[in-house]
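Inspection log for the structure reproduced underneath, given as structure tokens.
No hydrogens, no waters, no symmetry mates; every other heavy atom, side chains included, goes into these values. Throughout, a chain's letter reflects where its sequence line sits, starting with A, and its residues are numbered from 1.
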Number of protein chains: 2
Amino acid sequence: MKSPTELTEAFRANGLKVTPQRQLLFRLMHGNTMHPTADALFSEASVQMPGISLRTVYQTLTDLASMGELRLIDVGAGAVRFDPNVDDHHHVVCQTCGDVRDVYVADSQNLSIDGLDGFAVDSTSILFHGSCARCA
Amino acid sequence: MKSPTELTEAFRANGLKVTPQRQLLFRLMHGNTMHPTADALFSEASVQMPGISLRTVYQTLTDLASMGELRLIDVGAGAVRFDPNVDDHHHVVCQTCGDVRDVYVADSQNLSIDGLDGFAVDSTSILFHGSCARCA
DNA sequence: TGCTAATCTGCATCAATTGCTAACTAGCAG
DNA sequence: CTGCTAGTTAGCAATTGATGCAGATTAGCA
Ligand SMILES: [Mn+2]
Ligand SMILES: [Mn+2]
Ligand SMILES: [Zn+2]
Ligand SMILES: [Zn+2]
């Protein structure tokens, strides 16, 4: 994800306005490695800006995602996670505490795959399920 | 997934009863490659057994899953899919029509992975997103 | 044939997300 | 610096997928 300053530019360039709510979310997401849910972000944002709406959090995250600044991660349980890391990477989720961490997989393109005939693949997501060090 | 006859045995062995509703669902799921949702199965089941409850469909599918006879597949949009194929395999989903097909990935254990330190991995799911032949 | 624990149905509830709209405001034109 | 207006926000309703619950029903055994 771009920096808050760069996002300010990018939003205005797209005819979108830069509001205090959006700037706050730019800051909360920038460099965030927690893979937070919309609701978790809403809680954090509410500390600095009481009265901000959960709806606005969803809205802004969706905007950022459609601009390619965020990725949506579905770990198969509960709410979707938002990820400012748009590099090619994958995830591991702890099935006990729900923590999500980045995983980098080399040669994920060179897998020997059977069953993709007729399919044009756009993207691949690899999700590891397990137990983190703390929950071991 | 075991055959309807074998499941009848297995259910009784576990102290579970074998009802007409369950038998119907055993039959509908056996060899089913559609990766149906609970609701899709409910529709199919309702044809042969009007009045069957969606709640019963969920219940039975959950029972089968916890007996290891079914796998739950989350394709990241809409409802969970149920899969009688419990072999080690993965999936490709058409982002247009939602169709899900089996994919077999060789050497998925031998991936060169960075970021799993401290994590004990139980399972890995690989999901390919794309466009099927019909929706191309 | 009768008993009883398990099951089924139907409805309430829940969690996550999206739809809607009146009030508000960023950002530009004058 | 003002006023306008398209875009945004807050708050609440609605939707979707799934689970909780309880009274009526039934499989399976004595
Ligand atoms: Mn990530
Ligand atoms: Mn499958
Ligand atoms: Zn953990
Ligand atoms: Zn398709």
### From dA26(C), dC21(D), dA5(C), nucleotide with atom closest to Arg55(B) side chain
dC21(D)
#### Entry: hydrophobic_cluster_shared for Val80(B) and Leu61(B), side chain cutoff 4.5 Å
yes
### Task
Report the distance from atom CG of Asn14(B) to atom P of dG28(D), rounded to the nearest whole Å.
13 Å
### Task
Look at the side chain of Ala79(B) and decide which nucleotide, out of dA5(C), dG27(C), dA18(D), has an atom nearest to it.
dA18(D)
### Message
Expressed as a whole number of angstroms, how long is the span from Asp74(A):CG to dG17(D):C1'?
### Response
13 Å
### Query
Do the side chains of Met29(B) and Phe42(B) join up, straight or via other hydrophobic residues, at under 4.5 Å, putting them in one cluster?
yes
### Query
Which of these nucleotides, dA18(D), dA26(C), dT26(D), is closest to any side-chain atom of Lys17(B)?
dT26(D)
### Message
It should be established whether Gln21(A) places a side-chain nitrogen or oxygen under 4.0 Å from OP1 or OP2 of nucleotide dA10(D).
### Response
yes
### Query
Between dT9(D) atom P and Tyr58(A) atom OH, what is the distance in whole Å?
16 Å
### Query
How long is the line joining CG of Leu25(B) and P of dT7(C), in whole Å?
14 Å
### Task
Report the distance from atom CZ of Phe11(A) to atom P of dT25(C), rounded to the nearest whole Å.
19 Å
### Task
May I have the distance from Leu54(A) (atom CG) to dA16(C) (atom P), rounded to whole angstrom?
10 Å
### Message
Heavy atoms from C-beta onward define the side chain here; which of dG27(C), dT18(C), dT8(D) lies closest to that of Thr19(A)?
### Response
dT8(D)
### Query
Roughly how many Å is it from CE in Met49(A) to C1' in dT8(D), rounded to a whole number?
13 Å
### Task
Let me know, please, whether Val18(B) or Val80(B) comes out on the 5' side of the other along DNA chain D by nearest nucleotide.
Val80(B)
### Message
Check the phosphate of dC8(C) against Arg22(B), side-chain N and O only, distance under 4.0 Å to OP1 or OP2. Yes or no?
### Response
yes
### Task
Please state whether the rings of His35(B) and His89(B) are parallel, tilted or perpendicular, taking 30° and 60° as the class boundaries.
tilted
#### Entry: Whole angstrom value for the distance that separates P of dC8(C) from CG of Leu24(B)
11 Å
### Among dA10(D), dT8(D), dA18(D), the nucleotide that comes nearest once only the side chain of Ser53(A) is considered
dA10(D)
### Summary
Rounding to 0.5 Å, atoms CG (Asp114(A)) and NE2 (His90(B)) come to a distance of 12.5 Å
### Gap separating the CD1 atom of Ile126(B) from the OG1 atom of Thr124(A), nearest 0.5 angstrom
8.0 Å
### Query
Within the structure shown, what part of the strands sits under 4.0 Å from Ile52(A) by heavy-atom distance: base, sugar-phosphate, or nothing?
sugar-phosphate
### Message
Go nucleotide by nucleotide along DNA chain D from the 5' end; which of Arg81(B) and Leu16(B) gets its closest nucleotide reached first?
### Response
Arg81(B)
### Query
Contact class for Thr56(B) vs. all strands (heavy atom < 4.0 Å): base, sugar-phosphate, or nothing?
base
